[in-house]
Amino acid sequence: APKRREIVFIDAQISHADRIIADLSQSSESIDWIFVKLTSARSGVEQISQSMATLSGIDAVHIITQGDDASLQLGNQTLSLLSAEAEAGQIASWANALNPDASVNVYGTELMGSQDGQALLEALSLLCDCEVSAADSRGKEVAFIEETANHATTLGASELVEGQVQ
């Protein structure tokens with residue numbers, strides 16, 4: 001079977017980034033991992049967009065960050081429903097790198113805990129034309145919009161983030 005291609009974006013404020021990368025790198029022979037550390041000096045959406053513009057055939061995007069119930073931190077910006085609308089063109093461009101059944105997975109936030117957070121996930125899902133799921137800062141994953149058959153890798157990443165985000 002061909003290897004899955006999965007990209008992991010780790011926000012600058014995640015202190016255990018190197019350990020997460022090392023653990024995931026060794027976690028599966030069947031996944032071709034790509035790791036990108038976001039810098040706090042620039043817009044995270046811009047950094048993700050630049051990375052995604054050079055890629056194709058991505059099966060899953062994992063965003064490991066911190067956030068609350070209405071937003072997530074990406075680089076030097078806070079992405080909320082309002083700012084996502086302003087960034088809609090860039091976020092929609094991510095879809096060009098994704099396979100048809102790809103998913104975007106967000107870790108380390110409480111987005112499922114509020115209507116604003118759920119609306120942000122829904123907006124990301126519509127813009128990227130893919131399933132978006134969120135795991136809270138305790139690593140508990142909540143699939144959003146629809147269940148996926150293939151979330152083994154997502155659960156693995158949830159366990160790695162668990163307990164690391166204060």
Side-chain angles (χ1 to χ4, degrees), residues 4 6-17 20 24 36-38 40 42-52 55 58-166:
R4 286 176 56 86
E6 303 200 10
I7 186 164
V8 182
F9 293 99
I10 304 177
D11 192 66
Q13 65 184 333
I14 301 295
S15 58
H16 299 83
I20 293 170
L24 280 177
V36 178
K37 284 186 191 177
L38 301 178
S40 58
R42 290 178 38 232
S43 150
V45 169
E46 193 177 288
Q47 292 175 69
I48 292 172
S49 299
Q50 285 180 336
S51 295
M52 297 291 273
L55 298 168
I58 298 294
D59 295 298
V61 176
H62 305 280
I63 299 173
I64 301 174
T65 183
Q66 293 180 18
D68 54 29
D69 66 355
S71 66
L72 54 132
Q73 191 65 36
L74 290 176
N76 68 2
Q77 77 185 133
T78 300
L79 187 67
S80 64
L81 186 59
L82 196 65
S83 60
E85 288 171 11
E87 306 269 15
Q90 279 201 80
I91 295 169
S93 74
W94 303 353
N96 299 328
L98 302 176
N99 274 341
D101 60 346
S103 61
V104 173
N105 311 292
V106 181
Y107 306 92
T109 70
E110 309 294 335
L111 292 174
M112 291 303 297
S114 76
Q115 285 185 321
D116 284 351
Q118 291 177 31
L120 172 57
L121 293 172
E122 199 167 329
L124 292 174
S125 178
L126 289 168
L127 289 168
C128 294
D129 192 24
C130 69
E131 181 196 339
V132 174
S133 70
D136 68 21
S137 58
R138 292 177 301 284
K140 185 177 138 227
E141 185 193 347
V142 187
F144 194 70
I145 302 198
E146 59 183 295
E147 289 298 318
T148 2
N150 194 343
H151 261 219
T153 55
T154 316
L155 295 172
S158 295
E159 288 162 21
L160 290 170
V161 178
E162 197 167 333
Q164 294 182 5
V165 179
Q166 295 307 314

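Note that the numbering runs from 1 along the sequence shown for the chain.
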Please round to the nearest 0.5 Å and tell me the distance separating atom [atom1] of [X] and atom [atom2] of [Y].
X	Y	atom1	atom2	answer
L55	I7	CG	CD1	5.0 Å
L79	I48	CG	CD1	8.5 Å
Q66	L72	CD	CG	11.0 Å
L81	E122	CG	CD	9.5 Å
K37	I64	NZ	CD1	12.0 Å
L82	E87	CG	CD	11.0 Å

query = Out of Q77, Q50, Q90, which one pairs with S43 under the side chain to side chain donor-acceptor pair (under 3.5 Å) rule?
reply =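 Among the candidates, only Q77 passes.
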task = Return the set of residues passing side-chain hydrogen bond (donor to acceptor under 3.5 Å, both in side chains) with T78 (not counting sequence neighbours), or none when no residue passes.
result =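 In terms of side-chain hydrogen bond (donor to acceptor under 3.5 Å, both in side chains), with neighbours along the sequence ignored, T78 is linked to Q73.
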request  = Could I get the full list of side-chain hydrogen bond (donor to acceptor under 3.5 Å, both in side chains) partners for S51, not counting sequence neighbours?
outcome  =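 For S51, no residue satisfies side-chain hydrogen bond (donor to acceptor under 3.5 Å, both in side chains) once neighbours in sequence are set aside.
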Does the [X] side chain pair with the main chain of [Y], one donor and one acceptor, at a distance under 3.5 Å?
X	Y	result
S125	L121	no
Q47	R42	yes
D68	A70	yes

inquiry  = Heavy-atom count check: over 12 atoms from other residues, nucleotides or ligands less than 6.0 Å from D129 CG?
reply    =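 Check fails, neighbour count at 12 or below.
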request  = In sequence, state the C-alpha distance, the side-chain angles, and the governing distance for N105 and H62, and then conclude on side chain to side chain contact (heavy atoms under 4.5 Å, CB included).
outcome  = CA-CA 5 Å; N105 311 292; H62 305 280; 3.3 Å; yes
Shortest non-hydrogen separation from [X] to [Y] and the atoms involved:
X	Y	value
A12	S40	CB-N, 3.6 Å
I91	C128	O-SG, 3.8 Å
S71	L120	CA-CD2, 4.3 Å

ask   = Are side-chain heavy atoms of I63 and V104 found at a separation under 4.5 Å?
value =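 With C-beta onward as the side chain, the pair touches.
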ask   = Do the non-hydrogen side-chain atoms of Q13 and T65 ever get within less than 4.5 Å of each other?
value =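 In short, these two side chains touch, coming nearer than 4.5 Å.
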